[in-house]
Amino acid sequence: MQSQTETDEGSTDNDQRNSAADATFPAALEAIRTRRSGHNFDSDTDLDEQTLEELIRDATLAPSSYNLQPWEFVAVQEADRIDEVVELAYGQEHIREAGTAILVVGHTAPETADQVFNEWFEAGRMDEEAANQTKDQTVGMYADDRMGRDYGIRNASLAAENLLLSAHARGLTATPMIGFDADGLAEFLGLPEDKIPVMLIAVGPSGGDEPDRLPRRDVSDVLHREQY
Ligand SMILES: Cc1cc2nc3c(=O)[nH]c(=O)nc-3n(C[C@H](O)[C@H](O)[C@H](O)COP(=O)(O)O)c2cc1C
C-alpha cells in the first residue's frame, strides 16, 4: 500500500490519486488541497483595502440556510487594536505579524428573514404564501437558544472557509483561530448580544514557506456508509 508522503506544496500522494486534471475547476481542487493555516507572515507589508473587500465578498458567496447570510465581519488593522486582539488571543503573535485580524461574526437570530424571503418571492422562487410560511417557520425554529447558536456557527463557519480559500487563491497566508477569549473579544469589538464570535482569521502577505502539513486521517477512517 502506498504511504502518504508530503510534497513541496503540502499536498499528499493520497490527494494525487484523485487527479484535478479532468475536473471542471481544477484550480479550485488545487486550492483546497494546498491551503494551509499559515503562521509565517511578511510583517512589512499590509493587506490593501481592495483585497480586504474582495476577501469579504468571496466569504459572502458561501452557502447559507435559505440564503439568510447570517454573518458579518470585523476587520482590525490599527496597530494598538491589533495589540489588544493579540492579548485577547492569548498572545498569538502571528496575528501581529499578519497585520490584519478578521473576526467572522455569526447571527443567532434570522434578522435578515424579511428581506431574504421577499427576495425568494420576488425572484419567483416561492409564492407569497410559501415565502411567508417558510419565514415564520425559520424564525420559530431559531428562537430556541441552542438552534440559534448552531445557526450562527454553522453558517458563519462556511463563510470563514470561503475567506480562507480566497486568501490562499490570492497567494496570501491565513489562519483560522478559536484560541481567544470569546467574551473579551466580543466586548472589545462591540458585538451586540445576539451576535457571536465564530472564527478569528489572521490574514496577510506570506512571509515564506510553512512547515509540512500534518497528516490527515484516511478516508477509510472517516467515511461511514449508510450508517455510523
Ligand atoms: C476551529 C479551529 C480553530 C483553530 N484555532 C487555532 C488557533 O487558535 N491558533 C492557530 O494558530 N491555529 C488554529 N487553527 C488552525 C489549525 O491548527 C490547523 O487548521 C490545523 O493544524 C491543520 O493545518 P492546516 O490548516 O494547515 O491544514 C484552528 C483551526 C480551526 C479549524
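Read the numbers this way: they start at 1 and go in the same order the structure lists the ligands and their atoms.
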For ligand 1, which atoms, with element, lie under 4.0 Å from some heavy atom of [X]?
| X | result |
| --- | --- |
| H94 | 11 (O) |
| Q92 | 7 (C), 8 (O), 9 (N), 10 (C), 11 (O) |
| T175 | 10 (C), 11 (O), 12 (N) |
| G179 | 8 (O) |
| R35 | 24 (P), 25 (O), 27 (O) |

So, for atom 17 (O) of ligand 1, does the protein have a heavy atom nearer than 4.0 Å?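 Given the 4.0 Å cut-off, atom 17 (O) of ligand 1 does not count as touching protein heavy atoms.
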With the threshold set strictly below 4.0 angstrom, can you tell me whether any protein non-hydrogen atom sits that near atom 21 (O) of ligand 1?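 It does not; no protein heavy atom is within 4.0 Å.
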Taking E210 for its side chain and H39 for its backbone only, find out whether a donor-acceptor pair lies under 3.5 Å. yes
Pair Q50-E54, side-chain donor/acceptor within less than 3.5 Å: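 Checked: Q50/E54 side chains pair up, N/O donor to acceptor below 3.5 Å.
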Checking a contact table here: which protein heavy atom is nearest atom 28 (C) of ligand 1, and how many Å away?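 Looking only at protein heavy atoms, the one closest to atom 28 (C) of ligand 1 is P176 O, 3.1 Å.
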Check each heavy atom of R213 against ligand 1 and say whether those closer than 4.0 Å belong to the side chain, the backbone, both or neither. side chain
Can you give each donor-acceptor pair under 3.5 Å made by side-chain atoms of residues 154-162, sequence neighbours left out, with the distance rounded to 0.1 Å?
| from | atom 1 | to | atom 2 | distance (Å) |
| --- | --- | --- | --- | --- |
| N155 | OD1 | S65 | N | 2.9 |
| N155 | ND2 | Y151 | O | 2.8 |
| S157 | OG | I153 | O | 2.6 |
| N162 | ND2 | D58 | O | 2.9 |

Sorted by chain and number, sequence neighbours left out, side-chain contact (heavy atoms from CB on, under 4.5 Å) with E84 holds for L88, F188
Can you confirm if the aromatic rings of Y90 and F180 lie within a centre distance of less than 6.0 Å?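 Judged by ring-centre distance (under 6.0 Å), F180 and Y90 do not meet the cut-off.
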